[in-house]
Amino acid sequence: MIGRDRIRLFIVSAAIVLAIGLSVRAQQPPQPPTGAAPTGQPPALPSQGPPRQGAQQPRRPPLPGEKAAEYYKNIKILKDLPADQLPITMQFIAASLGVGCDFCHVTGPQGGFDRDEKKPKDTARKMLQMVETINTQQFEGRLQVNCTTCHHGNNRPDRNTVLAVEMTPGEAAAAQRTAAERQGGPGRAGFGPQGPPGAPSGQGSPAQGPPSAQGAAGTPGVPGARGEQPVAPAGRGAQGEPAEPPPPAESVDQVLDKYVQAIGGQAALAQAKTRVMRGTATSRDLQTTQINVQEKVTGEYRIDVEGRQGTQSRVYNGKAAWIQMPNGVREVEGVNAQQIARLADLGLPLNTKQRYMNLRSARYGTVDGTPTIVLIGSPAANVTEQLQFDRATGLLLRRTVFTRTALGQLQEQIDYSDYRYVSGVKMPHQVRYATWNSVTTQKFSSVTLNAPIDEAQFTKPEARR
Ligand code: HEC
Ligand code: HEC
């Protein structure tokens, strides 16, 4: 299914991922909650899987470069895919169709991912083959068409055109600005005051494209044709494609300096060693719970979520990540570990260049109509991030995170808002985190800098075996 060069790149990136200790372990494939609209999932715990399955025997992790067909039991199409890439590739498939693993797989105590009873699994194999054929025959083997191209989060792709939707006030203002800029330009007559057909047409550009088609083949942050796409406002209401996005005048350093100034300056920030935040988290199914976040500037992060069954904690100690539940501890790896770690951002403003490889000033964009400048960098070998800073205020508004899989990129988005001063540093009091199967909005009523944090909070308890 996957071209040979791409496989080789996978092996390289898989080795790097292993080296930094974030390898996806195959015997514990990340399992998002079943069904397209997971409910009962604790807020602030995106994409976490249920406890490990009784039916699955603990197994050695795949060796670097070991193929899926060698490691798994029943692989007919993705034979050459490195085995450690299979779990995240499955997440990509589930995300593309907006379904849980059980849409195709027999899960539960009697289940097994190798079993073939479900019709959609059979269809998915045919689709994998179809996608390979399209890419081979039409696009010279480049990964241009994937499951998302048609499915877009639906198991039955939509065959109808989409209707326009209202813009947000910010988008409307941006549209007015664009229209004003176009005034006087040649050849616009006949399109009316709104510019060419299709300009503000609701779903103009679907959510941000991957930062780089090349990226899918293992080169994070490398400018690729698609990497230069303008960043559209979230979801609907995107502006029509500007002919050529102007290259940003500001350098990475200028953007970061302005950001640091905006939130209180180098001196004030350098004082901030820890942060404790209390507030609420509201999930996609609008359940709200109490949360407590403890964080160190060095990247340690702990969130305690009050649930019906007691407190659930997600912790990243700089090396390992785990979820502590009232009935035990579960280790978290791969993307799920990265998902916990990426919320630690107290240290981000002063360490942006250490945190992201190949950081570059990529283009201008917008977040809900607010003009932004976009920096692109790579926080890990398999991940590319776009950071959008408000061009007027300098504040960080959005991080869009793309994790590579064999079929395309899994997208996540973190939005920061409600910036307020705490001990001389401006801190976002609202953080919205969206993955493919969860949305969590954290609202903090209390943010404290430099409160002492007990080291034991970041000490890993004995894992349950
Ligand atoms: C749309 C259908 C579909 C969904 C959803 C899906 N899978 Fe799969 N899965 C497949 C297909 C098809 C194969 C076999 C691929 C092949 O033959 O090359 C497979 C194979 C697997 C295997 C290898 C099993 C073996 O031993 O042969 C695992 C493990 C797996 N999937 C895990 C998952 C997980 C975890 C999820 C949820 C994140 C998931 N899958 C979601 C279609 C799906
Ligand atoms: C060129 C467009 C296109 C692409 C690309 C595509 N699909 Fe499909 N897919 C379809 C259409 C059309 C259907 C049939 C929907 C129907 O029957 O109404 C479908 C149906 C399916 C179904 C059956 C859904 C159900 O409800 O039973 C599965 C599973 C599926 N696709 C998986 C995939 C996977 C996995 C990929 C990526 C490897 C993929 N598709 C890529 C167009 C596409």
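Order of listing sets the numbers, starting from 1, for every ligand and every atom in it.
- Interface atoms of ligand 1 facing Phe113, defined by a heavy-atom separation under 4.0 Å, are 22 (C), 24 (C), 28 (C), 29 (C), 30 (C), 32 (C), 33 (C), 34 (C), 35 (C).
- On a distance-only criterion, Lys79 and ligand 1 share no N/O pair closer than 3.5 Å.
- Distances between N or O atoms of Ile77 and those of ligand 1 include at least one value under 3.5 Å.
- In the vicinity of Asn74, heavy-atom distances shorter than 4.0 Å reach the ligand 1 atoms 17 (O), 25 (C), 26 (O), 27 (O).
- When non-hydrogen atoms are compared, ligand 2 lies under 4.0 Å from the side chain of His151 (C-beta onward) but not from its backbone.
- At a 4.0 Å heavy-atom cut-off, ligand 2 does not touch Lys121 at all.
- Looking at Thr133 and Asn135, their side chains never come closer than 4.5 Å, going by heavy atoms from C-beta outward.
- Proximity to Arg159 (heavy-atom distance under 4.0 Å) selects the following atoms of ligand 2: 16 (C), 18 (O).
- Each of the following atoms of ligand 2 lies closer than 4.0 Å to a heavy atom of Val131: 5 (C), 37 (C), 38 (C), 41 (C).
- For ligand 1, the atoms sitting less than 4.0 Å from at least one non-hydrogen atom of Cys104 are 1 (C), 2 (C), 3 (C), 4 (C), 5 (C), 42 (C), 43 (C), numbered in the order shown with element in parentheses.
- Heavy-atom distances between Met130 and ligand 2 reach below 4.0 Å in at least one pair.
- Asp345 and Arg355 are not joined by a salt bridge, as no carboxylate oxygen comes within less than 4.0 angstrom of a charged side-chain nitrogen.
- Of the N or O atoms in Thr149, none lie within a sub-3.5 Å distance of an N or O in ligand 2.
- For Thr405 (side chain) and Leu407 (main-chain N/O), a donor-acceptor pair under 3.5 Å exists by modelled atom type.
- Separation of the His105 and Phe113 ring centroids falls under the 6.0 Å cut-off.
- With ligand atoms numbered from 1 in the order given, ligand 2 contributes 25 (C), 26 (O) to contacts under 4.0 Å with heavy atoms of Phe103.
- Thr311 is not listed as a side-chain neighbour of Val305, based on a closest heavy-atom distance of 4.5 Å or more.
- Of all atoms in ligand 2, numbered sequentially from 1 with element shown, those under 4.0 Å from a heavy atom of Val145 are 5 (C).
- By heavy-atom distance, the residue among Lys118, Arg115, His105 lying nearest atom 43 (C) of ligand 1 is His105.
- The contact set between ligand 1 and Gly100, taken as ligand atoms under 4.0 Å from a residue heavy atom, comprises 5 (C).
- Given atom 13 (C) of ligand 2, the protein heavy atom at minimum distance is Pro157 CD, 3.7 Å.
- Ligand 1 has no nitrogen or oxygen under 3.5 angstrom from a nitrogen or oxygen of Asp114.
- The side chain to side chain contact (heavy atoms under 4.5 Å, CB included) with Asn336 is formed by just one residue from the set Arg314, Arg330, Gln91, Glu331; it is Gln91.
- Just one of Lys296, Arg302, Glu300 meets the side-chain hydrogen bond (donor to acceptor under 3.5 Å, both in side chains) condition when paired with Gln457; it is Arg302.
- Here atom 30 (C) of ligand 1 lies nearest to Met90 when heavy atoms of Lys119, Lys73, Met90, Arg125 are compared.
- By the criterion of a heavy-atom distance under 4.0 Å, the side chain of Ile93, and not its backbone, is placed next to ligand 2.
- Of the protein's non-hydrogen atoms, the one nearest atom 37 (C) of ligand 2 is Cys147 SG, 1.9 Å.
- Using a 4.5 Å heavy-atom threshold, the side chains of Tyr301 and Val293 count as touching.
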With side-chain contact (heavy atoms from CB on, under 4.5 Å) as the test, would you mind laying out the steps for Ile77 and Gln129 before giving the verdict?
-> CA-CA 7 Å; Ile77 314 290; Gln129 244 157 358; 3.7 Å; yes
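- Residues Ile291 and Thr280 have side chains not in contact (no heavy-atom distance under 4.5 Å, counting atoms from C-beta outward).
- For atom 22 (C) of ligand 2, the closest non-hydrogen atom of the protein is Thr123 CG2, 3.5 Å.
- Summary of contacts: the protein heavy atom closest to atom 24 (C) of ligand 2 is Asn155 O, 3.5 Å.
- Remark: ligand 2 and Asn146 share no N or O pair separated by less than 3.5 Å (distance only, no angle test).
- For the pair Arg60 and Glu66, the salt-bridge criterion is met [side-chain N within less than 4.0 Å of a carboxylate O].
- Of all the atoms in ligand 2, the ones that sit under 4.0 Å from a non-hydrogen atom of Arg156 are 15 (C), 16 (C), 17 (O), 18 (O), 25 (C), 26 (O), 27 (O).
- A salt bridge links Asp116 to Arg125: at least one charged side-chain nitrogen sits closer than 4.0 Å to a carboxylate oxygen.
- A salt bridge links Arg342 and Glu412; the closest N-O separation between the charged side-chain nitrogens and carboxylate oxygens is under 4.0 Å.
- Looking at Gln91 next to ligand 1, no N or O pair under 3.5 Å apart turns up.
- In this structure the side chain of Arg399 reaches within 4.5 angstrom of the side chain of Tyr416, judged on heavy atoms.
- The closest protein non-hydrogen atom to atom 1 (C) of ligand 2 is Cys150 SG, 2.7 Å.
- Each of the atoms 5 (C) of ligand 1 lies under 4.0 Å from some heavy atom of Val99.
- Nearest to atom 29 (C) of ligand 2 by heavy atom, out of Ser96, Pro120, Ala94, is Pro120.
- Atom 8 (Fe) of ligand 2 lies under 2.8 Å from an N, O or S atom belonging to Met127.
- Against a heavy-atom cut-off of under 4.0 Å, Ala124 is close to the following atoms of ligand 1: 1 (C), 2 (C), 12 (C).
- The backbone N or O of Ala434 lies less than 3.5 Å from no partner atom in the side chain of Ser438, so there is not a single donor-acceptor pair.
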